[in-house]
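Shown next, in structure tokens, is the structure this report addresses.
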Amino acid sequence: MPGKKTVKRPSPPEEIKAAKKVKASLVSHSSHRTVPGLVLALGQGDVGQLGLGEDVMERKKPALVSLPEKIVQAEAGGMHTVCLSETGNIYTFGCNDEGALGRDTSVEGSEMSPGKVELKEKIVQVSAGDSHTAALTEEGRVYIWGSFRDNNGVIGLLEPMKKCMLPVQIQIDAAVLKIASGNDHLVMLTVDGELYSSGCGEQGQLGRVPERFTNRGGRRGLERLLIPQCVPVKGRSKVRFQDVFCGAYVTFAVSQEGHVYGFGLSNYHQLGTLSTSSCFAPLNLTAFKNSTKSWVAFSGGQHHTLCLDSEGKAYSLGRAEYGRLGLGEGAQEVKEPTVVPGLTGVQSVACGASVSCAVTKDGRVFAWGMGTNLQLGTGEEEDEWSPLEMTGKQLENRVVLSVSSGGQHTVLLVQDKQQS
């Protein structure tokens, strides 16, 4: 009789489950904000982006937004606002035509006041574009809602021509550390130091789509643009990134060695390039090479860029009209980072379409640029060519934690002085 075959006994289901059950690690990045505060809003609010109810169409000075929780991050999109609470909840208000609020606004006027976005996971970061919003969970997953647009209109979000009125999860293999939104594109930084991008690529802002394919994706169609894919970086060795920032039509990324890469629109040299041609692939930007300082933050408006160095100095470059560079009356277009005079100890910078803001380490906020939409907090519609400290009753005895400017409004996160 032949000997009995030895059959390997399969592991019991419990053991299989135990082997597969790896506790998801919580992602962490220096950009995740944790200090709670109150939200103030100013500027134009005709579609509810101020969050002050149906009767308030504009505010010349910062006004307090009523929210059910303390907020750690407040972001101004094109015509909507996104607030992240200290417990990881999201509240949105403003224009919901493309689904940027991520919640039901069928009740008349409900978009004009803060409403909660239903997400079961804890959120650690949010970003807002013109017509989309994104959220990063504590385990590195990304949710998105709304729609991307190009020069011809809606292109969709994750599927061609399909907007999402409620949050949907983005499917990528790696855990994400940070998200950043431009007007119509999203960039994600993974734990492996890679960048994934999706959205409109017309100006090169995706960094991975050749110019000939940017018009709705060429023969491969919109999937080429909308399905997030890794941004390749040419070079002798693999480039890994530690941070990423988006302007309206540009992307800046800082490598782990401290080199600044950029791609996107540079028609006014807002990328710091000598040429005014758009960059469709990551370019190691020589304008930001300086051994004496490191670059810690970037923000981009429609045609200008603000950047911040490790010494607390703010710099501007790009288009000068309306005073958005903060370099004084009569300033001309600037091709390389130029120090914004009158600002010291800056901890963060932010751009709206044609406005600029900076928050100092002692909790003051300065604004300059186009005054038309009352985003500067001066109470007037005149343009400001140099940084001017924002004042108002709601800023008395408070420190400013952060600032964000959208298409026509500005939002501030503040904290009472005794708490700071």
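Since the structure is predicted, the reported quantities are computational estimates derived from the model, not experimental observations.
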Taking C-beta and beyond as the side chain, do [X] and [Y] meet within less than 4.5 Å on heavy atoms?
| X | Y | value |
| --- | --- | --- |
| D243 | K178 | yes |
| V154 | E98 | yes |
| S278 | F263 | no |
| L101 | H80 | yes |
| L38 | Q415 | no |
| L157 | F148 | yes |

Do side-chain atoms of [X] reach the backbone of [Y] as a donor and acceptor pair under 3.5 angstrom?
| X | Y | value |
| --- | --- | --- |
| D309 | E311 | yes |
| R103 | T92 | yes |
| R364 | V400 | no |
| S356 | W368 | no |
| Q205 | Q203 | yes |
| S316 | L325 | yes |
| Q242 | S255 | yes |
| T305 | G300 | no |
| K60 | Q375 | no |
| D46 | M57 | no |

Under the side-chain hydrogen bond (donor to acceptor under 3.5 Å, both in side chains) criterion, do H185 and T251 qualify, and how do the steps go?
CA-CA 9 Å; H185 75 293; T251 303; 2.9 Å; yes
[atom1] of [X]: more than 12 outside heavy atoms within 6.0 angstrom?
| X | atom1 | value |
| --- | --- | --- |
| E321 | CD | yes |
| E108 | CD | no |
| K361 | NZ | yes |
| E336 | CD | no |

For H409, give me all partners under ring-ring contact (aromatic ring centres under 6.0 Å, His included), at least two apart in sequence or on another chain.
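Partners of H409 by the ring-ring contact (aromatic ring centres under 6.0 Å, His included) criterion come out as none, since no residue qualifies.
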Parallel, tilted or perpendicular, as decided by the 30° and 60° cut-offs, for the rings of Y268 and H303
tilted
Aromatic ring pairing H29/H32, orientation class (parallel under 30°, perpendicular over 60°, tilted between)
tilted
[X] versus [Y], closest heavy-atom pair with distance:
| X | Y | value |
| --- | --- | --- |
| L317 | C307 | CD2-SG, 4.0 Å |
| E111 | V47 | CG-O, 4.1 Å |
| F288 | L271 | CE1-O, 3.6 Å |
| P114 | S66 | CG-O, 3.5 Å |
| T410 | S405 | OG1-OG, 2.6 Å |
| L42 | L376 | CD1-C, 4.1 Å |

Does F252 have its ring centroid less than 6.0 Å away from the ring centroid of W295?
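No; W295 has its ring centre 6.0 Å or more from that of F252.
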Output, in order, the C-alpha distance, side-chain angles, deciding distance and verdict of side-chain hydrogen bond (donor to acceptor under 3.5 Å, both in side chains) for E202 and N151.
CA-CA 8 Å; E202 285 178 327; N151 285 331; 3.1 Å; yes
Tell me whether the guanidinium CZ or amine NZ of R224 lies under 6.0 angstrom from the six-membered ring centre of F213 and within 45° of its axis.
yes
Does this structure show an ion pair linking [X] with [Y], if we count only N-O contacts that are shorter than 4.0 Å?
| X | Y | value |
| --- | --- | --- |
| D192 | R240 | no |
| R149 | D184 | no |
| E86 | R33 | no |

CA sep, side-chain torsions, deciding dist, call: E384, R324, salt bridge (Lys or Arg N to Asp or Glu O under 4.0 Å):
CA-CA 8 Å; E384 291 293 336; R324 72 190 89 185; over 6 Å; no
Please tabulate, one pair per line, all N/O donor-acceptor pairs under 3.5 Å involving side-chain atoms of residues 164-176, not counting sequence neighbours.
none

No-hydrogen, no-angle side-chain donor-acceptor test under 3.5 Å, [X] and [Y]:
| X | Y | value |
| --- | --- | --- |
| S348 | S402 | no |
| T87 | S85 | yes |
| Y91 | E69 | yes |
| T391 | K61 | yes |
| T81 | E75 | no |
| S294 | S310 | yes |

Yes or no on side chain to side chain contact (heavy atoms under 4.5 Å, CB included) for V124 and T137, after CA distance, side-chain angles and deciding distance?
CA-CA 6 Å; V124 294; T137 75; over 6 Å; no
Verdict with reasoning, S110 to T105, per side-chain hydrogen bond (donor to acceptor under 3.5 Å, both in side chains):
CA-CA 5 Å; S110 59; T105 54; 4.9 Å; no
One pair to check against side chain to side chain contact (heavy atoms under 4.5 Å, CB included): V244 and L195. What are the steps and the verdict?
CA-CA 8 Å; V244 65; L195 301 178; 4.0 Å; yes
Could you walk me through whether F366 and T360 pass the side chain to side chain contact (heavy atoms under 4.5 Å, CB included) check?
CA-CA 8 Å; F366 292 80; T360 59; 3.7 Å; yes
Supply the atom-to-atom distance [X] [atom1] to [Y] [atom2], rounded to the nearest 0.5 angstrom.
| X | Y | atom1 | atom2 | value |
| --- | --- | --- | --- | --- |
| S198 | I227 | OG | CD1 | 10.0 Å |
| I123 | I90 | CD1 | CD1 | 4.5 Å |
| Y196 | L189 | OH | CG | 11.5 Å |

For S181 and H132, what are the C-alpha separation, side-chain angles and deciding distance, and is it a side-chain hydrogen bond (donor to acceptor under 3.5 Å, both in side chains)?
CA-CA 8 Å; S181 286; H132 77 274; 2.9 Å; yes
Please evaluate residues Q270 and L265 with respect to the criterion side chain to side chain contact (heavy atoms under 4.5 Å, CB included), reporting the C-alpha separation (whole Å), side-chain torsions for both, the decisive distance (0.1 Å), and the verdict.
CA-CA 7 Å; Q270 59 265 50; L265 187 69; 3.8 Å; yes
Please test R141 against E121 for salt bridge (Lys or Arg N to Asp or Glu O under 4.0 Å), starting from the C-alpha separation and ending with a verdict.
CA-CA 9 Å; R141 288 184 283 272; E121 299 183 61; 2.7 Å; yes
Between K238 and E194, is the salt bridge (Lys or Arg N to Asp or Glu O under 4.0 Å) condition met? List the steps.
CA-CA 10 Å; K238 173 89 172 172; E194 294 182 322; 2.7 Å; yes
